[in-house]
Amino acid sequence: MHEGFLVHSNFKFLKWASALCILSAVAYAIYDPLDVQSGGTWLGYGLGTIGAVLIVWLMWFGIRKRRYGGAFRLRSWLSAHVYLGLSLIVVATLHTGFQLGWNVHTLAYVLMMLVIASGAFGIYAYARYPRMMTENRRGLSLDEFLSQIGDIDRECRQVSANLPDEIASLVLKSSNETRIGGSCWRQLSGRDRKCAAAEAFEELRRVSTNVGPEHGPSVRKLLTLIGKKCSLLATVRRDIQLKALMDIWLHLHVPLSFALLAALTAHIISVFYYW
Amino acid sequence: MIDRFEIVIVGSGPAGLSAAGRAAERGIPHLLLERTDHAADTIFKYQKKKFVMATPDIMPLRSDMSFEAGVREDILGTWDRELENLGVNIRYKAEVTGISGQKGDFTVTLANGDTVSAGHVVLSIGLQGNLRKLGVPGAEWERVQYQLDDPLEYEDETIVVVGAGDAAIENAIGLAAQNNVVIVNRRGEFARAKPGNLSLITEAIESGRIECFYDAAPLSVEPGRITLKVPEGESVVACDRVIARLGANPPRKFVEACGISFASDDPGALPELSQTYESSVPGLYVIGALAGYPLIKLAMNQGYEVVETIMGNEVKPADEPLLENKFRVLGNVKVEDVLGAIQSNVPLLSSMTMLQLREFMIDSTVHLKQPGDVIFERNDYTNSVYSIVNGAVDVQINPLDPSEVVTLGAGSFFGEMGLIAGRRRTATIVAREQCFLVETPRRAMLRLINSVPAARRVLDQAAISRQIQMHLAPNIDPEMLREVVETAEIESFSAGDTVITEGETSNDVYLIRTGSMTVSRRIAGRDIVLSYIPAGNYIGEMALLGNTPRSATVKATVASEAIRINAAAFRSLLDREPDLRREIESRFQDRLVENVQTETRPESGDIIDFLVNQGVGEATDILLIDESLCVRCDNCEKACAETHGGVSRLNREAGPTFGTLHVPTSCRHCEHPHCMADCPADAIHRAPDGEVFIDDKCIGCGNCARDCPYNVIQMAYPRPKKPGLLSWLLFGSGPGPGEDKRPVVKPDGARESAVKCDMCKDITGGASCVSACPTGAAIRVRPEEFLSITNLARFGR
């Protein structure tokens with residue numbers, strides 16, 4: 001039937017990437033350079049070239065995914081991107097010959113590892129969060145949740161019209177001051193410590209014992225409504241959190257990739273300049 | 001001046017204008033009489049800027065006046081100019097009150113007392129002069145009107161529109177833009193309206209823009225209010241204006257007074273006419289709507305023909321050159337000979353009149369195929385029907401072995417499965433010897449079977465026999481099937497109808513020929529769907545073989561047809577054919593096993609149930625999203641917009657979800673597309689691979705968007721072109737790939753047109769939504785393959 005990018009074509013690219021890693025490791029083990037193992041040996045140059053070509057090709061994915069239409073499957077490109085990208089851990093590490101230091105060469109290496117690490121989080125996010133997002137939404141769309149919240153606000157205002165100012169102001173607070181989304185951190189946290197609706201709910205519970213008997217039913221109705229709103233808000237914020245988690249790593253992955261490209265260029269030029 | 005003319009034409013509608021134009025061109029002394037002070041009053045009274053269609057498209061216009069589809073104002077302007085240029089002798093404000101006399105010496109009396117004498121009279125007065133009136137007390141109030149020129153003339157009024165036809169609906173919708181509109185419908189629904197208007201009015205009523213009184217009729221009118229009879233009693237509606245659009249009748253009294261006899265006593269009946277439009281009074285001709293031809297182009301052709309006939313010239317029908325051209329592939333043959341051969345050789349087409357056959361042939365294509373030519377291939381998505389006039393073809397019934405064939409000879413037809421099922425061709429057809437074939441498109445064929453009952457019977461009989469043979473007993477001599485075929489009947493079901501009920505004791509077998517069905521069983525007080533059965537499969541064999549009550553309920557998922565096979569006849573066939581018995585027996589075992597599996601995993605059945613409720617049963621190819629893989633990047637939408645000029649034809653987020661299976665808002669390429677039902681420009685087609693698409697003939701009327709039950713068609717302006725990828729990346733110019741935040745402003749002179757998914761049929765690599773999905777979540781599936789228990793297990797909750 002159909003399959004995800006990780007399983008694509010029966011793990012074709014995982015097999016390729018593993019083969020590349022094993023070949024590199026075997027070559028590293030049997031190759032006996034005159035000096036110590038390093039990027040400067042013939043094997044080092046070979047692995048370095050493979051690594052550099054891979055990095056440029058992996059970055060081409062950004063362009064590939066923006067060229068729409070045509071006989072290709074973006075899924076297979078992503079599958080290759082993921083597995084061949086991971087294989088760089090072995091290829092590039094062996095290329096260094098474990099000679100690391102405070103220089104531009106190691107900077108390129110570290111940047112590459114950071115790019116891979118952010119990508120690895122991406123794989124984790126893509127494998128885990130989509131299903132959680134669906135389960136959290138219970139078959140409704142985000143817009144449907146937001147319009148339910150809007151309906152509750154409208155109903156609350158109607159119910160509170162004849163209630164004392166103290167209570168009406170709590171309802172206003174719940175409907176006017178509740179924030180959904182917001183800063184990056186707020187989105188990622190999935191909650192709002194100062195949620196106006198939650199505060200209004202607590203406050204309302206506190207004052208509800210003091211209202212006159214004629215307002216009892218209305219206040220209880222308000223408690224149910226705002227309570228429901230809080231639970232809807234939790235769902236919406238969770239939804240936003242999951243979407244943010246699926247997006248956030250790309251905001252590191254892409255800039256770091258460009259930094260890597262710059263460092264890699266500096267690394268290659270300096271190596272050949274000082275040869 | 002002597003008032004004596006060779007031809008007097010009464011009424012200057014399209015038919016009369018064209019007749020007068022012909023007479024003027026031929027230099028015959030003629031007079032065109034018009035009741036009002038302008039020509040073509042019916043079209044003059046159309047709503048302003050109304051778009052007038054020129055159907056039937058293929059029929060050539062034969063007239064000295066020109067006419068093509070366009071806006072009311074342009075058409076009237078052209079005619080006025082041409083009247084002048086041709087030197088037509090027209091007299092306005094000349095209402096005819098009587099015609100007497102005989103051929104060669106008619107006297108036409110006018111309302112002002114003048115008389116005109118004429119050799120021949122052509123009556124082309126149409127029907128609009130005789131509008132049905134409200135006929136209730138108070139209807140003489142000056143604000144009761146029977147027409148509407150420009151709905152924008154009125155503002156902030158409460159207007160009651162009486163009537164339920166197209167004119168009433170068009171008026172009500174037009175007025176509702178800036179008035180408070182109430183529509184009064186004598187019946188419980190708008191049954192007479194065109195589908196496009198029907199959806200417009202229902203939508204307006206549901207949204208509250210127009211108030212509707214059903215089963216209601218006006219009782220009386222007083223200035224400022226109208227009293228209605230409604231099911232609950234009487235209801236008084238305050239209003240500023242009443243517009244009644246109640247249709248028109250032939251002005252029978254007048255026409256009969258001229259001596260013309262009618263076909264029947266029915267108020268809608270038309271005058272009796274000869275082949276040349278001559279009435280029962282020799283020399284008095286009737287053309288146009290009054291003759292039963294309400295289409296403008298046909299009426300104009302009649303105007304031309306009638307003048308030629310009066311002059312004693314034999315007129316070949318307007319379609320003669322078209323048919324000549326069509327039959328050219330057959331060599332140098334006469335049109336009438338070919339038509340004769342078709343009628344005598346093909347029983348399916350023999351019950352049509354010559355006129356019907358001519359019209360039918362204009363829509364059809366004629367082929368002369370040489371031995372070995374392929375006519376169509378298995379799995380093609382074409383849906384025309386072929387009739388064999390001469391020669392023979394081979395039907396390859398076994399896809400693996402082309403040499404296994406059934407031969408069809410002259411008089412037979414094939415391809416009728418495409419006609420009923422709207423699915424792929426089931427066999428490849430190759431010419432066996434040189435043969436003369438008539439290929440008829442689906443629409444024309446449907447028109448034939450709806451208007452000629454004999455043709456429907458021939459088609460149904462053959463279809464039953466072939467379908468039973470193909471799906472049930474492919475290797476059995478047709479002779480052995482005779483009893484089964486003769487006792488079989490076609491039954492139709494609406495969506496949701498029960499075909500078989502669990503526990504009942506009937507044991508007929510059903511072969512599904514169109515649509516699809518679900519099998520369900522009641523378990524622990526709940527209906528559990530066991531399987532989805534697409535067309536081409538049979539059901540009900542379990543009860544027959546096991547001789548037990550029905551073990552499950554079968555329901556139609558969409559409008560479906562099934563062939564009901566008589567149990568006794570089928571059983572005796574099985575007794576005679578042990579191989580068939582074994583085969584059906586083993587199918588029976590498979591189903592038992594499958595049902596047991598589903599019962600232990602009811603969630604797959606729930607998904608089938610869910611998908612069927614989403615209308616997936618009538619889809620041929622549908623986009624689904626596996627939400628356990630979908631990372632919500634919207635790359636599918638972006639890819640769609642990028643490949644189709646900036647407008648995405650799918651909405652990923654919208655649409656229902658079950659478990660992790662999401663049905664986005666996107667075209668399903670229905671078996672019988674709702675959108676195609678009412679496209680006035682005939683701009684929606686089905687491509688050979690099954691894609692339903694809209695071509696650039698679209699006039700932006702929006703009918704398809706309203707008719708689509710899945711809301712997948714939108715009306716959009718074309719978007720401006722985007723800069724290239726590199727100039728965006730390097731120089732930051734314009735919106736980048738996949739992004740378009742520009743507000744939609746109406747470009748100068750641009751017209752909205754309908755846009756929908758065409759499955760990227762013109763792009764190599766298939767649907768771009770699927771190819772652009774990075775994780776493999778977006779899939780396009782065919783329901784008959786996808787809706788199986790094993791495929792669906794992974795989507796469970």
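Chosen from G765(B), S768(B), S771(B), the residue pairing most often with chain A at heavy-atom distances under 4.5 Å is S771(B). Comparing A71(A), A127(A), P130(A) by how many heavy-atom pairs each has under 4.5 Å with chain B, the most go to P130(A). Ranked by non-hydrogen atom pairs under 4.5 Å with chain B, the options M133(A), M246(A), K243(A) are led by M133(A). The most heavy-atom pairs under 4.5 Å with chain B, out of L78(A), V7(A), L74(A), D247(A), come from L74(A). Interface remark: of the candidates R137(A), R67(A), K65(A), R137(A) forms the most heavy-atom pairs closer than 4.5 Å to chain B.
Under 3.5 Å, the side chains of E618(B) and Y710(B) contain a donor-acceptor pair of N or O atoms. With hydrogens and angles left out, the side-chain atoms of T134(A) and E627(B) include a donor and acceptor closer than 3.5 Å. There is no side-chain donor-acceptor pair under 3.5 Å between S174(A) and R157(A). For the residue pair S141(A)/D143(A), the side-chain donor-acceptor check at 3.5 Å is not satisfied.
Note on ring orientation: taking the six-membered ring where Trp is involved, the planes of H685(B) and F693(B) are tilted (angle from 30° to 60°). Taking the six-membered ring for Trp and thresholds of 30 and 60 degrees, F121(A) and Y124(A) have ring planes inclined between 30 and 60 degrees apart.
Neither the backbone nor the side chain of R128(A) has a heavy atom closer than 4.5 Å to any heavy atom of chain B. There is no contact between L140(A) and chain B, counting heavy-atom distances below 4.5 Å. With a threshold of 4.5 angstrom between heavy atoms, R64(A) does not approach chain B through any atom at all. Only the backbone of C630(B) comes within contact range of chain A, with at least one heavy atom under 4.5 Å from a heavy atom of that chain. Interface residue Y126(A): backbone and side-chain heavy atoms are both found under 4.5 Å from chain B. If you measure heavy-atom distances from M132(A) to chain B, you find no contacts under 4.5 Å at all.
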Stepwise, does the side chain to side chain donor-acceptor pair (under 3.5 Å) test hold for S79(A) with H8(A)?
CA-CA 7 Å; S79(A) 188; H8(A) 175 78; 5.4 Å; no

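More than 12 heavy atoms of other residues, nucleotides or ligands sit less than 6.0 Å from atom CH2 of W57(A).
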